[in-house]
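One structure is given below, encoded as structure tokens.
Indexing begins at 1, ligand by ligand and atom by atom, following the structure's order. Numbers for residues simply follow the sequence, beginning at 1.
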Amino acid sequence: LSELVETILSQHTSDLNSHRAFTALKEAFSSWSEVRDAPVEAVTKAIHSAGLSNIKAPRIQRVLQEISPLGEPDLEFLKGMPREKVREYLTALPGVGPKTAACVLLFSLGMPAIPVDTHVHRLAIRLGLISPKTPADAAHDRLEELVPEKAMYTFHMNMVTHGRHVCHAQRPTHEICVLRTDCDFWSALQ
Ligand code: SF4
């Protein structure tokens, strides 16, 4: 559940800002049921550093409400479910898309999945793994067809690292890139 909330907080902001907001949220409330039942203004204030807090606060409260309208919200039960059932459950929650669901699957439940963030999406297009018109949400299915399950975690982490340090959105450093010979974007420049 923490991974789910933190991933919602990370939408459209940096890791640093979303982590600050998550820490502030945990300090302001002692349980997820307190977050769910608090006035929305109090949650909005606590997560201010994440940006778009007036959208994210009601979204988090709706998700907690949906998971458990009474008592303490908990997602432990997902551990015993098949991967596709978990994905189906998570993406049916309000405001939870394929990337957020994939983060929970991969990082919290240890199940194979590929979260497609901005780096993974950009790189997959440049390398020719998906067509340039494939939206990020649709890229999840395509990449999960291409990558063997046991390699999904490494694939995700390496794509993010490569996107951050080499294949930048603006001015990618082709000259030091080890993927040049496999890259459609590079080939088109020659
Ligand atoms: S060759 Fe250039 S565009 Fe292709 S993956 Fe490397 S840095 Fe990115």
ask   = Is there a side-chain contact between D184 and I125 (heavy atoms, below 4.5 Å)?
value = no

* Please determine if atom 6 (Fe) of ligand 1 has an N/O/S atom from C177 lying under 2.8 Å away. => yes

Is the backbone of D15 close enough, under 3.5 Å, to the side chain of S18 for a donor and an acceptor to pair up by distance? yes

Has H174 got an N/O/S atom less than 2.8 Å from atom 4 (Fe) of ligand 1?
no

For residues I130 and H121, determine if any side-chain heavy atom of one lies less than 4.5 Å from a side-chain heavy atom of the other.
yes

R180 heavy atoms within 4.0 Å reach ligand 1 at atoms 1 (S)

Counting from 1 in the order shown, the ligand 1 atoms closer than 4.0 Å to a non-hydrogen atom of W186 are 1 (S)

Chi angles and distances behind the side-chain contact (heavy atoms from CB on, under 4.5 Å) call for L105, L78:
CA-CA 9 Å; L105 281 164; L78 295 179; over 6 Å; no

Note to self: Main chain of T44, side chain of H48: is a donor-acceptor contact present, judged purely on distance under 3.5 Å?
What the structure shows: no

The closest protein heavy-atom partner of atom 4 (Fe) of ligand 1 is C183 SG, 2.3 Å

The closest protein heavy-atom partner of atom 8 (Fe) of ligand 1 is C167 SG, 2.4 Å

